[in-house]
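Along the sequence shown, residues carry numbers from 1.
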Amino acid sequence: QAQLVESGGGLVQAGGSLRLSCAVSGRTFSMYAMGWFRQAPGKEREFLAAITWSGGRTYYADSVKGRFTISRDNAKNTVYLQMNSLTPEDTAVYYCAATKATYRSGTSYRNRSNYDYWGQGTQVTVSS
């Protein structure tokens, strides 16, 4: 079983940047595909980005493509989400998630029900 801990959230002005980190416990981090999601008040949890276990493939939601970058360091058991050009609409709780499954289709990584483990989330607030 894996435990995920997000960090790096906070308050930032519009146009600014943040880098979120998600540290994963356990020896099998490199076997997991990882995803980032967010949930704003009153809204459903939405997919942002995913990365395969090797880092060879990445997937993004249209809303963040070109602004957010997902990456991973298997030696450090950590996945990152670099967020640039932030707007107040990016304000939400950000979650990382892990799945042992390997999918051929990026669509499957966008489905939150396909993830096995979740972190507790980290708050990101973007002021105007």
Side-chain angles (χ1 to χ4, degrees):
Q1 186 165 348
Q3 291 187 332
L4 286 62
V5 179
E6 302 95 338
S7 62
L11 175 64
V12 63
Q13 289 188 334
S17 298
L18 281 175
R19 188 176 81 154
L20 305 183
S21 300
C22 174
V24 182
S25 65
R27 302 178 184 176
T28 59
F29 172 73
S30 61
M31 296 174 59
Y32 296 127
M34 301 296 297
W36 283 98
F37 292 74
R38 69 185 178 190
Q39 188 166 17
K43 295 188 177 181
E44 292 190 354
R45 192 169 299 189
E46 66 168 327
F47 168 80
L48 298 176
I51 187 167
T52 55
W53 68 270
S54 67
R57 287 181 290 155
T58 57
Y59 305 93
Y60 295 94
D62 289 343
S63 60
V64 304
K65 193 175 297 182
R67 297 192 300 127
F68 291 9
T69 302
I70 189 171
S71 61
R72 66 189 296 158
D73 185 338
N74 286 348
K76 295 182 178 180
N77 283 14
T78 302
V79 63
Y80 305 97
L81 186 68
Q82 177 68 43
M83 306 186 295
N84 299 328
S85 302
L86 287 164
T87 73
E89 288 68 36
D90 294 314
T91 295
V93 178
Y94 283 67
Y95 299 90
C96 66
T99 176
K100 291 185 178 180
T102 299
Y103 299 108
R104 293 183 178 181
S105 167
T107 300
S108 296
Y109 290 111
R110 301 172 189 271
N111 187 340
R112 60 181 184 266
S113 66
N114 288 335
Y115 289 82
D116 304 301
Y117 307 107
W118 291 84
Q120 292 300 308
T122 185
Q123 176 70 46
V124 171
T125 303
V126 184
S127 63
S128 57

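- At least one donor-acceptor pair under 3.5 Å links the side chain of Thr99 to the backbone N or O of Asn114.
- Note: Ser128 OG to Gln13 CD = 9.5 Å, rounded to the nearest 0.5 Å.
- Remark: Phe47 pairs with Phe37 by the ring-ring contact (aromatic ring centres under 6.0 Å, His included) rule, at least two apart or across chains.
- Both Val12 and Val64 belong to a single network of hydrophobic side chains, linked directly or stepwise wherever heavy atoms of I, L, V, M, F, W or Y lie under 4.5 Å apart.
- Note that Arg45 lies in the cation-pi zone of Trp118, set by a 6.0 Å cut-off to the ring centre and a 45° limit from the axis.
- Between atom OG1 of residue Thr28 and atom CH2 of residue Trp53 there is a gap of 13.0 Å, rounded to the nearest 0.5 Å.
- Residues forming a side chain to side chain contact (heavy atoms under 4.5 Å, CB included) with Ala92 (at least two apart in sequence, or on another chain): Arg38, Ala40, Tyr94.
- Taken together through direct or relayed side-chain contacts under 4.5 Å among Ile, Leu, Val, Met, Phe, Trp and Tyr, Tyr115 and Ile51 form parts of separate hydrophobic clusters.
- When hydrophobic clusters are built by joining Ile, Leu, Val, Met, Phe, Trp and Tyr residues whose side-chain heavy atoms come closer than 4.5 Å, directly or via intermediates, Tyr59 is not grouped with Ile70.
- In this structure, the side chains of Tyr95 and Gln39 come closer than 4.5 Å at one or more pairs of heavy atoms.
- Between the Arg67 side chain and the Ser85 main chain, a donor and an acceptor come within less than 3.5 Å of each other.
- With hydrogens and angles ignored, the 3.5 Å screen pairs no side-chain donor or acceptor of Asn74 with any backbone N or O of Phe29.
- Hydrophobic clustering, with ILVMFWY side chains joined whenever heavy atoms are under 4.5 angstrom apart, groups Leu81 together with Val124.
- Two residues are said to be in side-chain contact when any heavy atoms from C-beta on lie closer than 4.5 Å; Glu44 and Arg112 meet this criterion.
- Annotation: salt bridge (charged side-chain N to carboxylate O under 4.0 Å, His left out) contacts involving residues 2-14, sequence neighbours excluded, are absent.
- Note that the CZ atom of Arg72 and the CG atom of Asn77 stand 9.0 Å from one another [nearest 0.5 Å].
- Every residue two or more places apart in sequence or in another chain that forms a side chain to side chain contact (heavy atoms under 4.5 Å, CB included) with Ala98 is listed here: Leu4, Tyr32, Met34, Tyr117.
- Residues satisfying the side chain to side chain contact (heavy atoms under 4.5 Å, CB included) test with Thr125, not counting sequence neighbours, are Leu11, Thr91, Gln123.
- In this view, Thr78 and Ser21, Ala23, Lys76, Tyr80 satisfy the side chain to side chain contact (heavy atoms under 4.5 Å, CB included) rule, not counting sequence neighbours.
- Separating the OG atom in Ser63 from the CG atom in Leu48 is a distance of 6.5 Å, to the nearest 0.5 Å.
- Between the CH2 atom in Trp36 and the CE atom in Met83 there is a gap of 8.0 Å [rounded to 0.5 Å].
- In terms of modelled atom types and a separation under 3.5 Å, the side chain of Tyr109 and the main chain of Tyr103 share a donor-acceptor contact.
- A donor-acceptor contact shorter than 3.5 Å links the side chain of Asp90 to the backbone of Thr87.
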